[in-house]
Amino acid sequence: MLNHIRIILCQPSHPGNIGATARAMKNMGLYRLTLVAPELFPHVEAIKRASGADDILAHANVVQTFEEAIADCQWLFGTSARSREFPWPQLTPYEGAQKILSYTTVKQEVGIVFGTERSGLTNEQLQRCDYHLTIPTHPDYSSLNLAQAVQILSYEIYQRFLSLSEGTFSLQEADDAIDKATMEEVTGLLQHFEEMAIKIGFMHPNHPKKLIPRLKRLFSKAQLEKEEVNILRGFLKLVGKEQT
Ligand code: SAH
């Protein structure tokens, strides 16, 4: 179950935080780490802070873009201390952990995304996620250290996992008959929509008015299946042909 979960760090700047993340993960039974354009990696400081979790560093998947990191995820959870101006489905770590385990029980791939130390996740990255996870904090100081945020989320996941194994907690299981679309497929659909919306004059490229994030939010709510993505793309293709 836990093997269907990956932790994705976007542009981590301190190698120590990468090491501490690996340690936090291994303590809680998580093994899959993806690093998007890390500033310094591999690095001795990462190995030091990983302590006995350097195997996670050795197997880390290092990619250059956010797109590559999320491509084959079927669910994406973005973590952020601040709630953003554009409302998005927001969960506590406890609620998030429950959802994450219900998806992984039916073997769906889950990514949990963390932002860079300096500025966190961009609005654009957050709007690519299905849910936002926020660790409740004192309102005067809400930003945790990156690896500590990973620790808290991994902990919640592992506690739900233990309760499940002990039978003291049961999940509302996700539907395993659903062939959920991947982020790459949903991204392709969004790009196709954007292209067509501009082409038919439904959206002005300089004033997109949040059309694309709204559509993404709709697609997340609908839990789009592969087949549904194909239907919508087929439809858009014909709309495109009509216009030429
Ligand atoms: N300075 C940034 C915070 C970066 S902290 C900002 O103001 O947004 C690095 C990362 O740790 C964040 O991008 C987020 O992924 C995670 N994080 C920190 N505090 C968090 C919180 N309270 N809830 C959820 N994630 C948090």
Side-chain angles (χ1 to χ4, degrees), residues 5-28 30 32-41 43 45-46 49-50 53 56-57 60-70 73 75-101 103 109-160 183 213 216-217 220:
I5 302 171
R6 76 192 77 174
I7 299 289
I8 302 170
L9 303 186
C10 297
Q11 291 164 301
S13 44
H14 299 297
N17 276 337
I18 302 177
T21 291
R23 184 176 187 172
M25 290 170 61
K26 191 165 176 176
N27 284 147
M28 300 297 148
L30 300 179
R32 294 172 67 195
L33 175 63
T34 300
L35 304 171
V36 183
E39 252 176 60
L40 296 165
F41 187 81
H43 195 279
E45 194 57 27
R49 293 286 302 278
I56 293 192
L57 298 180
N61 178 26
V62 182
V63 297
Q64 285 316 306
T65 65
F66 182 69
E67 297 306 327
E68 282 172 86
I70 66 169
C73 293
W75 295 99
L76 203 59
F77 289 73
T79 58
S80 166
R82 296 170 288 143
S83 63
R84 311 289 169 123
E85 82 209 58
F86 189 51
W88 216 256
Q90 193 134 10
L91 303 173
T92 62
Y94 184 94
E95 295 162 336
Q98 258 172 281
K99 275 203 184 291
I100 289 167
L101 285 182
Y103 298 143
E109 291 295 320
V110 172
I112 312 175
V113 195
F114 293 82
T116 178
E117 291 91 334
R118 279 187 283 269
S119 48
L121 289 170
T122 63
N123 285 339
E124 227 232 326
Q125 287 169 329
L126 277 166
Q127 287 168 359
R128 303 293 300 284
C129 298
D130 298 297
Y131 297 98
H132 292 174
L133 298 171
T134 300
I135 300 165
T137 58
H138 191 284
D140 290 349
Y141 194 39
S142 61
S143 174
L144 275 79
N145 162 269
L146 170 60
Q148 290 176 348
V150 173
Q151 182 74 80
I152 287 178
L153 284 159
S154 311
Y155 168 83
E156 285 291 1
I157 292 168
Y158 195 61
Q159 299 322 296
R160 296 294 83 65
M183 291 298 143
K216 164 63 192 158
R217 207 171 49 176
S220 289

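Read the numbers this way: they start at 1 and go in the same order the structure lists the ligands and their atoms.
Screening residues 113-126 for salt bridge (Lys or Arg N to Asp or Glu O under 4.0 Å) gives Glu39-Arg118 as the qualifying pairs, with residues at least two apart or on separate chains.
Between Cys10 and Phe114 the shortest side-chain heavy-atom distance does not fall below 4.5 Å.
Contact residues for ligand 1 (protein heavy atom closer than 4.0 angstrom to any ligand atom): Thr79, Ser80, Ala81, Arg82, Phe114, Gly115, Thr116, Glu117, Arg118, Ser119, Gly120, Leu121, Leu133, Thr134, Ile135, Thr137, Ser142, Ser143, Leu144, Leu146, Ala149.
Arg32 is linked by a side-chain contact (heavy atoms from CB on, under 4.5 Å) to Arg6, Glu109, counting only residues two or more places apart in sequence or in another chain. Contacts of Ala97 classified as side-chain contact (heavy atoms from CB on, under 4.5 Å), with partners at least two apart in sequence or in another chain: Glu156, Ile157, Arg160.
In summary, the side chains of Ser154 and Gln151 do not present any donor paired with an acceptor at a separation below 3.5 Å, with no hydrogens or angles considered.
In summary, the aromatic rings of Phe77 and Trp75 are positioned with their centroids too far apart to meet the 6.0 Å limit.
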